[in-house]
Amino acid sequence: MKKDLLGLKDLSADNINNILETAETMKLILSQPNKKTPHLQGKTVVNLFYENSTRTRLSFELAAKYMSANAANITASGSSVQKGETLIDTAETINAMGTDILVMRHSMSGAPHLIAPLLSASVINAGDGMDEHPTQALLDMLTIKEKKGGFKGLKVAIVGDINHSRVVRSNIYGLTKLGAEVSVGGPSTLIPPGMEKMGVKVFKSIHEAIVDADVVMGLRIQLERQKSGLFPSLREYYRFFGIDEKRLKFAKPDALVMHPGPVNRGVEFSSSVIDGDQSVINEQVTNGVAVRMAVMYILSRGGFAD
Ligand code: CP
């Protein structure tokens, strides 16, 4: 059994389907007036975030509290990390306080893989550098499953800053394992070499990437990770790669518009597309709570089958 969720690369299609089915049950709880369940009673969940977050951190905290766990948050800026404490010492300190689940976001790819074998607690990767963001991809997949009924043969176009995105990597692992056809698109400076080896089609033009797509997923342009200018300006990016209502017509008429957030309005999508009828961005956020409840529940019951 796997005691941790470090990435979708490590999970089987059966593991992923099990999470999605459990999340569907958890979602029923979210629609109740009383959202309290005893699923994690007596368990302790700690969120350790070395990078900023609104959705992921809050949804893990709410998911833990809805399931009656003791939930606590630590940010790097308010911790002894500022005094020079190492990642491993910090993680072992949190583990020694009786923590059952440690949820961690870190700017370094591989950081959760480094600490997970050292801890008795289950480690959940809440985003590591440019590697993976598995619970984001799972909530994206739950949203797609709800709206489209399944994944086999579904055309999913992921466009934007492919190079710096951990969301795209987790989505590619998860979606291709369940039978979706994934294409990626964006400026050539934002697409790393060798993406085809991950089993996806690569397009340098937005029209080709999204034509006949069932799902159009935009990725945030991560200006904070770009050391040098990889395209002239945000205005130029929007002109050639941004998706407005006219461009969205290249996709299927009932294509879903998705984005992990936070969105740069007027860069990845026009506001009319973000707020339009095809957008399921807020439903993704709701599903984030259900998916995180499901993952923590499964880990508290022994983890994922090998
Ligand atoms: N999608 C996502 O990870 O958002 P946050 O950075 O707000 O957690």
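Just so you know, ligand 1 is whichever comes first in the structure, and atom 1 is the first atom listed for that ligand.
Every N/O-N/O distance between R57 and ligand 1 stays at or above 3.5 Å.
Counting the atoms of ligand 1 from 1 in the order shown, those under 4.0 Å from a heavy atom of G261 are 1 (N), 2 (C), 4 (O). Every atom of ligand 1 is numbered from 1 in the order shown, and the set under 4.0 Å from a heavy atom of T54 is 5 (P), 7 (O), 8 (O). Counting atoms of ligand 1 from 1 in the listed order, those under 4.0 Å from a heavy atom of T56 are 2 (C), 3 (O), 4 (O), 5 (P), 8 (O). The contact set between ligand 1 and P260, taken as ligand atoms under 4.0 Å from a residue heavy atom, comprises 1 (N). Heavy-atom proximity to Q136, at under 4.0 Å, picks out these atoms of ligand 1: 1 (N), 2 (C).
When only non-hydrogen protein atoms are considered, atom 7 (O) of ligand 1 lies nearest to R55 NH1, 2.7 Å. Scanning all protein heavy atoms for the shortest distance to atom 6 (O) of ligand 1 gives R105 NH1, 2.9 Å.
By the neighbour-count criterion of 12 heavy atoms within 6.0 Å, atom CG of N52 is sparsely surrounded, having that number or fewer from other residues, nucleotides or ligands. Heavy-atom neighbours of D277 CG from other residues, nucleotides or ligands within 6.0 Å: at or below the threshold of 12.
Looking at N125 and H133, their side chains never come closer than 4.5 Å, going by heavy atoms from C-beta outward. Using a 4.5 Å heavy-atom threshold, the side chains of S165 and M130 count as separate.
The one candidate from V280, N287, N171, L175 that meets the side chain to side chain contact (heavy atoms under 4.5 Å, CB included) condition with D140 is N171.
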| Going through the checks in order, is the side chain to side chain donor-acceptor pair (under 3.5 Å) test met by H106 and E51? | CA-CA 6 Å; H106 201 282; E51 284 188 329; over 6 Å; no
